[in-house]
Amino acid sequence: MAEPGAKVSVRKVPHTSARRVLVQSFKLFDPRREFRNPMMFVVYVMMWFVLVLTLFPGVFPDIARFYNPSYYLAVTVLLFLTLWFAHVSEAIAEAQGKAQADSLREIRSGIRARQVLPDGTTRWVPADVLHIGDTVAVQPGEPVPIDGDVIQGAALIDESMMTGESAAVMRESGGDKTSVLGGSVVVQGNVRIRVSAVRGESFLDRLIRLVEGQAREPTPNELALSVLLAAITIALFTVVVTFVYIANFTDIIAVDLATIIALFICLMPTTIGGLLPAIGISGINRVARANVIAKSGKAVEAGGDLDTMILDKTGTITVGNRLAVQFIAAPDVPMDTLVEAAMLSSSLDETPEGKSIVRLAGRRSTPIRRLEPGSFKVLPFTPERRMSGIVLQDGTEFFKGSLLAMEANGTNLPAEVRRAAADAARQGMTPLAVSAQKRAVGLVILKDVVKPGIRDRIHELHTMGIRTIMCTGDNKLTAAAIAQESGVDEFVAEAKPETKLQLIEREKAEGRMIAMSGDGTNDAPALARADVGLAMNSGTSAAKEAGNMVDLDNDPTKLIEIVSIGKQLLITRGALTTFTITNDVAKYFAIIPAIFVAAGAAALPGVAALNVLGLSNPDQAVLAALMFNALIIPLLIPLALAGVPFRPRPAIDLLRRNLLYYGFGGLVSAFVGIKLCYLFLAWLDAQPWVAAIGAAVGHFLPLGGL
């Protein structure tokens, strides 16, 4: 039993509170946080600048002739809302991770360890004081104090508090299934564990930092987009300054400072700038919901840029075990005789192949004799014997095994049986000879069964332009048959542990991005070299350290799902960027004509034709565009967090869809949204109570001596 005070936690469903989001959204107004996002930092600076102009207009005497306190205050409020809505999107994404992190922290709180001292005695110590190399003993019902490897014994481990998987997993000393996670619970068995991590660097600690977003760094594509947006901002700044200069030079119209700033902010790509952090954080959250822990945002994004995927045959493309699919009787041997011999030789065979032979035989109506306990002797399969069977009390024996092993045991194999076995081998299947009293009665054909739906999923990868390479230790005939059935582009047979690393080096030399999965120590070099290295949670500590993703479900096919999430992340970012740019085009046509038309349509008849929205009040036109610029951010938050729906299609089809839905949609929505905001402001302006508020504001705000 666990010592009193050794806490065993259960996984809770993360909950994102509105209070947490609200508090975090205001914390993000910290200028140190704002500076990380160039787009929002510009809005931040301009907001404070307009606020200073609003409160102290005397600082800039030139604005005296334009100064309208209500207008300046409205611009300040709308700039604040633009910033705050951007913060809310990021705060929601961060809060989802923090809620999950809180539930994970509860797992490790209060855990104590039974440390094994050098003299063999044990003592209870806090898990925090353990060091790498220490040994701890864990009994049923006790939590594993910290990450380690089983060095003695075997146990069933409950990892549901981290993986969500209710089925316990087996961990035992020796082999590749030794790694255990701190916070998991021993269900059955006694084990001794060698500590492989210290507090703060364990898998659970890294998981907490990742889901909180503390370890998230901007990805290369995100940085590249930020540079592009910054370049657009600089270009727009030049355009706005030129516009003001031309307007003043021609003496047609003079534009005040608040309008210039509002125009600049509206034309900036603030929408994508405000949503960019949320898109990146939500990408990691979506991977986490798939029960995959990404060690960085770069790994998630790399999944969307992949060119080649290296897949194991066993467990990834096939179900993992060969299954019996066919009986072939020898000449002059009734099928019932073969089925009975195969059933008897396999009835007590606990291997997956033996069980599948029993199932295949059971689907036939052949009568099978019943054996009484003690009336037979089982000869199990061994690597040396390469055959298995049963010897009855009367000396009758039934065996199955490879053709070479059966021949070595004295079984005579007819030529017809040999030909049938050769035909099966050429098709990538495995023939087993079946004998009764050293007489060959036929063959059982075993086959690697391709997982249902795997061919369709590989076809999806082909549609996305991703090559697939199957890597297997099987012979070339078997590998070729499985490759053809599953639809992979290429296969490597008779692979050795270093083959995957050689494959990755070859593909990288040709400029491709690679993904692979693995769970053994021998996979660690290749996992570290791959752009996306998916390590199985059941694998060794070395594999999990080397990979940049860890699959808590131990499902190698999760790589395909990761590709979809990575593609969705890139498409979401691209779609919202397209939406933002076309939005800005519409704002340009809404604001500029309204400003010039106010100066007189007769002076600028060409500009009047561009006033398609019919905005006659320049102040209200600017405020309407600024209002729409702020409101569109919260409207797009659900799309940024959930991601644009993704379907495997060629890149050119995705580009057309992007331009059609989000390019044209951004243009139309801006025209409609700005017009609605303008009508709303016009309605407000006609209300007496609004005029009273404006008068009060005008009474208190002009503190600059105007």
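A distance-only check finds a donor-acceptor pair linking the side chain of Asp307 to the backbone of Met513 [under 3.5 Å]. Judged by distance alone, with hydrogens and angles left aside, the side-chain atoms of Asn548 form a donor-acceptor pair with the main-chain N or O of Gly533 at under 3.5 Å. In terms of modelled atom types and a separation under 3.5 Å, the side chain of Ser345 and the main chain of Ala342 share a donor-acceptor contact. In this structure a side-chain-to-backbone donor-acceptor pair under 3.5 Å is present from Thr463 to His459. In this structure a side-chain-to-backbone donor-acceptor pair under 3.5 Å is missing from Thr337 to Val333. Using a distance-only test at 3.5 Å, with no hydrogens or angles considered, a donor-acceptor pair links the side chain of Thr411 to the main chain of Met406. The backbone N or O of Val116 lies less than 3.5 Å from no partner atom in the side chain of Thr122, so there is not a single donor-acceptor pair.
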- Task: Using the salt bridge (charged side-chain N to carboxylate O under 4.0 Å, His left out) rule, take Glu490 and Arg467 through it: C-alpha gap first, then chi angles, then the decisive distance, then the call.
- Result: CA-CA 8 Å; Glu490 185 181 336; Arg467 295 173 62 248; 2.8 Å; yes
- Query: For Leu446 and Leu432, what are the C-alpha separation, side-chain angles and deciding distance, and is it a side-chain contact (heavy atoms from CB on, under 4.5 Å)?
  - Reply: CA-CA 8 Å; Leu446 303 179; Leu432 294 181; 3.5 Å; yes
- Item | Check against side-chain contact (heavy atoms from CB on, under 4.5 Å), Arg359 and Leu323 | CA-CA 10 Å; Arg359 286 195 298 270; Leu323 303 179; 4.0 Å; yes
- Query: Val300 and Leu569: side-chain contact (heavy atoms from CB on, under 4.5 Å), yes or no, with the steps?
  - Reply: CA-CA 8 Å; Val300 180; Leu569 175 63; 4.1 Å; yes
- Query: Can Asp551 and Lys558 be said to form a salt bridge (charged side-chain N to carboxylate O under 4.0 Å, His left out), step by step?
  - Reply: CA-CA 8 Å; Asp551 177 21; Lys558 198 71 71 67; 2.9 Å; yes
- Query: Yes or no on side-chain contact (heavy atoms from CB on, under 4.5 Å) for Ile466 and Thr308, after CA distance, side-chain angles and deciding distance?
  - Reply: CA-CA 5 Å; Ile466 299 175; Thr308 302; 5.8 Å; no
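Atoms CZ and OG1, on Arg192 and Thr135 in that order, are 7.5 Å from each other to the nearest 0.5 Å. Taken to the nearest 0.5 Å, the CE atom of Met387 stands 11.5 Å off from the CG atom of Leu403. Atoms CD1 and CD1, on Ile514 and Ile469 in that order, are 7.0 Å from each other to the nearest 0.5 Å. Note that CZ of Arg457 is 10.0 Å distant from CG of Leu559, once rounded to the nearest 0.5 Å. Considering NZ of Lys500 and CG of Leu311, their distance stands at 9.0 Å, rounded to 0.5 Å. In this structure, CG on Leu344 lies 5.0 Å from CD on Glu340, to the nearest 0.5 angstrom.
Minimum heavy-atom separation, Ala526 to Met516: CB-SD, 3.3 Å. The two residues Leu534 and Val550 come nearest to each other via the heavy atoms CD1-C, 4.2 Å. The shortest heavy-atom contact between Val450 and Ser486 is CG1-CB, 4.4 Å. The two residues Gly303 and Val532 have their closest heavy-atom pair at N-CG2, 3.8 Å. The two residues Val138 and Pro145 come nearest to each other via the heavy atoms CG2-CD, 4.1 Å. Annotation for Ile310 and Cys471: closest pair CG2-CB, 4.3 Å, computed over non-hydrogen atoms.
Looking at Leu461 and Val563, their side chains come closer than 4.5 Å, going by heavy atoms from C-beta outward. Considering only heavy atoms from C-beta on, Asn190 comes within 4.5 Å of Pro140 through its side chain. Looking only at side-chain heavy atoms (C-beta outward), Val180 and Val150 come within less than 4.5 Å of each other. Two residues are said to be in side-chain contact when any heavy atoms from C-beta on lie closer than 4.5 Å; Lys377 and Leu392 fail this criterion. Counting only heavy atoms from C-beta outward, the side chains of Gln139 and Arg114 approach each other to under 4.5 Å. Looking only at side-chain heavy atoms (C-beta outward), Val488 and Ile482 stay at 4.5 Å or farther from each other. Looking at heavy atoms from C-beta onward, Val195 lies out of side-chain contact with Asp147 at the 4.5 angstrom threshold.
Evaluation of the side chain to side chain donor-acceptor pair (under 3.5 Å) rule for Asn409 yields no partner, not counting sequence neighbours. Residues satisfying the side chain to side chain donor-acceptor pair (under 3.5 Å) test with Lys508, not counting sequence neighbours, are Asp531. Checked against side-chain contact (heavy atoms from CB on, under 4.5 Å), Ala480 has the following partners two or more places apart in sequence or in another chain: Phe491. Scored by the side chain to side chain donor-acceptor pair (under 3.5 Å) test, Asp423 finds Arg426 as partners (sequence neighbours excluded). For Asp489, there are no salt bridge (Lys or Arg N to Asp or Glu O under 4.0 Å) partners, not counting sequence neighbours. Taking the side-chain contact (heavy atoms from CB on, under 4.5 Å) definition, one finds that Ala420 meets it with Ile328, Leu443, sequence neighbours left out. Partners of Lys355 according to the salt bridge (Lys or Arg N to Asp or Glu O under 4.0 Å) rule, which considers only residues two or more places apart in sequence or in another chain, are Glu350. Remark: Arg512 pairs with Glu507, Glu510 by the side chain to side chain donor-acceptor pair (under 3.5 Å) rule, at least two apart or across chains. With sequence neighbours left out, the side-chain contact (heavy atoms from CB on, under 4.5 Å) criterion links Ala155 to Ile157, Val186, Val191. Not counting sequence neighbours, the partners of Gln115 by the side-chain contact (heavy atoms from CB on, under 4.5 Å) test are Leu117, Arg123, Val125, Leu130, Asp134. A search for salt bridge (Lys or Arg N to Asp or Glu O under 4.0 Å) contacts involving Lys400 returns Asp349, not counting sequence neighbours. Residues that satisfy the salt bridge (Lys or Arg N to Asp or Glu O under 4.0 Å) test with Glu505, not counting sequence neighbours, are Arg529.
Taking a cutoff of 4.0 Å between a charged side-chain nitrogen and a carboxylate oxygen, Glu397 and Arg439 do not qualify as a salt bridge. Between Lys567 and Glu561 there is no salt bridge, since no side-chain nitrogen of the basic residue lies less than 4.0 Å from a carboxylate oxygen of the acidic one.
Within a 6.0 Å radius of CD in Gln188, other residues, nucleotides and ligands contribute 12 heavy atoms or fewer.
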